[in-house]
Amino acid sequence: MIKMGSGKVAFVAFLLLDIITIHVLAECTCEPEENEGKKSEALKYKLIALASILVAGALGVCIPFIGRVVPALSPEKDGFFIIKAFAAGVILATGFIHVLPDAFESLTSPCLKEHPWGDFPFTGFIAMVATMLTLLFETSSAAYQLRSHESRTALKPDDGYGDEERNPQHMGQVAAHTHATHGHAHGSISNLSQVDRYRIVSKVLELGIIVHSVVIGLSLGASESPKTIKPLVVALTFHQFFEGIGLGGCIFQAEFKSLAATIMGACFSITTPFGIVIGILVTSSYKEDSSTALIVEGVLNSASAGILIYMALVDLLSPDFMNPRMQKNKLLQLGSNVSLLLGAGLMSLLAKWA
């Protein structure tokens, strides 16, 4: 009986040890995973994703400019408030639901050393720093442009008409798109013209989008699993299209010259496809579970999440939702609220497949 009991104990101990070992190995699989499908099939889906994302991004960023031909799509119409709210919801959900969790997963991976990566919440810290740097960049850029504007104004002879009277549609007293209307003036940015403000916003927003788009494209291009790539095609196409609308609206309202607007739109459209191409080229040597890859992806995703969340809330949603034009129109306000929830909700649902 004693031997039998000892045997049972040894068996149970061995079984528990085996289960724990399997669990640990499942948690930290730092070796390359086996191919779940043929490389040729994976390549086919990568090329489909490349074409689909390229077209969706280009179409999305061009829609606000199509408004010059199709009045219903013009940023000056009420309907564009609703479209822009949907796009802002997509960008907000991208930051919170897609990019930030990926950053947490990368920087808390068991494949990284416990010290220092396990000693401090680097993901949240980097996102916070990126958010503050975005604010500092916006306010310092606004202050610089405001000082330059005042210097130019001081050099002009006084003809009895201030710049605000010469160009009333461009000046800061049009509070529809400034934070001053609701007591949240961010330094001197509220005193800038709408055009200058949108130029700053569009540049920062594009930077945040480009950073995470390269990471997403690289990960998709390096993957050799058709099972992983298939759902990403739909998710990233949807995501790129509505991000394009949000960015395109800012570029349109910034009134860039045609060449500058074209370059910004093209850079946005080709960033994710460019990442996919790079991923395809480095498929054989890229190891997504290597410490270098995890750290680089985690840091970039953290920074990108901070930028996107800030831009969606502060620069896209807040100005429009505090706009007297929206607040005086109950139907427009309701439509924009529903559109925001739909954009964020649908993009959040895509996290199940992406």
Identify whether the distance between the nearest side-chain nitrogen and carboxylate oxygen of Asp315 and Arg197 falls below 4.0 Å. yes

Could you check whether any side-chain heavy atom of Glu255 comes within less than 4.5 Å of a side-chain heavy atom of Tyr198, counting everything from C-beta outward? no

Do Glu105 and Glu297 have side chains that approach each other closer than 4.5 Å (heavy atoms only, starting at C-beta)? no

Please give me the minimum heavy-atom distance between Gly95 and Ala305, naming the atom from each residue. O-CB, 3.8 Å

d(Phe321 CZ, Leu340 CG) to nearest 0.5 Å is 5.0 Å

Between the side chain of Ser140 and the main-chain N/O of Leu136, is any donor-acceptor distance below 3.5 Å? yes

Any donor and acceptor pair, going by atom type alone, linking the side chain of Lys84 with main-chain N or O of Gly246 inside 3.5 Å? no

Would one find more than 12 heavy atoms of other residues, nucleotides or ligands at under 6.0 Å from atom CZ of Phe274? no

Say you draw a straight line from CZ of Arg325 to CG of Leu332; how long is it, rounded to the nearest 0.5 Å? 7.5 Å

Which heavy atom in Gly57 sits nearest to a heavy atom in Gln240, and how many Å separate them? CA-CG, 3.6 Å

Is there a path from Val314 to Leu207 through hydrophobic residues (I, L, V, M, F, W, Y) whose side chains come within less than 4.5 Å of each other? no

The reported gap from CG in Leu308 to OG1 in Thr131 (rounded to nearest 0.5 angstrom) is 9.5 Å

Apply the test side chain to side chain contact (heavy atoms under 4.5 Å, CB included) to residues Glu138 and Val201: give CA-CA distance (whole Å), side-chain angles for both, the deciding distance (0.1 Å), then the verdict. CA-CA 8 Å; Glu138 281 198 353; Val201 169; 4.1 Å; yes

Counting C-beta onward and ignoring hydrogens, is there a side-chain heavy-atom pair between Leu205 and Leu316 closer than 4.5 Å? yes

With side chain to side chain contact (heavy atoms under 4.5 Å, CB included) as the test, would you mind laying out the steps for Ser202 and Phe252 before giving the verdict? CA-CA 9 Å; Ser202 58; Phe252 180 87; over 6 Å; no

From Lys203 atom NZ to Ile251 atom CD1, the distance as rounded to the nearest 0.5 Å: 11.0 Å

Using the rule that Ile, Leu, Val, Met, Phe, Trp and Tyr join whenever any side-chain heavy atoms are under 4.5 Å apart, tell me whether Ile278 and Ile210 fall into a single cluster. no

Can you spot which of Ile307, Leu300, Thr271, Asn301 makes a side-chain contact (heavy atoms from CB on, under 4.5 Å) with Val211? Leu300

Nearest heavy-atom neighbours spanning Leu294 and Cys111: CD1-CB, 3.9 Å

Side-chain heavy-atom pair Phe81, Asn323 within 4.5 angstrom cut-off: yes

Same cluster for Ile263 and Val61 if Ile/Leu/Val/Met/Phe/Trp/Tyr side chains link at under 4.5 Å? no

Which class fits the ring pair Phe120 and Phe122: parallel under 30°, tilted 30 to 60°, perpendicular over 60°? perpendicular

Assess the residue pair Ile53 and His239 against the criterion (side chain to side chain contact (heavy atoms under 4.5 Å, CB included)); give the C-alpha distance rounded to whole Å, side-chain angles, the decisive distance to 0.1 Å, and a yes or no. CA-CA 9 Å; Ile53 292 169; His239 162 255; over 6 Å; no

Is there side-chain contact between Ile245 and Phe86, with heavy atoms separated by less than 4.5 Å? no

When clusters are formed by joining ILVMFWY residues with side-chain heavy atoms under 4.5 Å apart, either directly or through shared neighbours, do Val296 and Val214 land in the same one? no

Within the structure provided, determine whether Glu243 and Glu206 are in side-chain contact (heavy-atom separation under 4.5 Å). no

Give a yes or no on whether Leu247 and Ile270 share a hydrophobic cluster (residues Ile, Leu, Val, Met, Phe, Trp, Tyr; joining criterion: side-chain heavy atoms under 4.5 Å apart). no

To the nearest 0.5 Å, what is the distance between CZ on Phe104 and OG1 on Thr123? 5.0 Å

Work out which heavy atom in Gln327 is nearest to a heavy atom in Gln333; give both atom names and the distance. O-OE1, 4.3 Å

At their closest point, which heavy atom of Ala93 faces which heavy atom of Met347, and how far apart are they? CB-CB, 3.6 Å

Atom CG in Leu220, atom OG1 in Thr272: separation rounded to 0.5 Å? 9.5 Å

I'd like to know if the side chain of Ser339 reaches the main chain of Gly335, judged simply by a donor and an acceptor atom lying under 3.5 Å from each other, with no hydrogens or angles considered. no

Does Ser109 reach the main-chain N or O of Ser106 with its side chain, forming a donor-acceptor pair under 3.5 Å? no

Trace of the side chain to side chain contact (heavy atoms under 4.5 Å, CB included) decision for Gln253 with Val195: CA-CA 6 Å; Gln253 290 169 307; Val195 173; over 6 Å; no

Are side-chain heavy atoms of Ser302 and Leu107 found at a separation under 4.5 Å? yes

Closest non-hydrogen atom pair, Ala222 against Lys46: C-NZ, 4.3 Å

Please examine the side chains of Thr237 and Phe241, heavy atoms only from C-beta on, and report whether any two atoms are closer than 4.5 Å. no

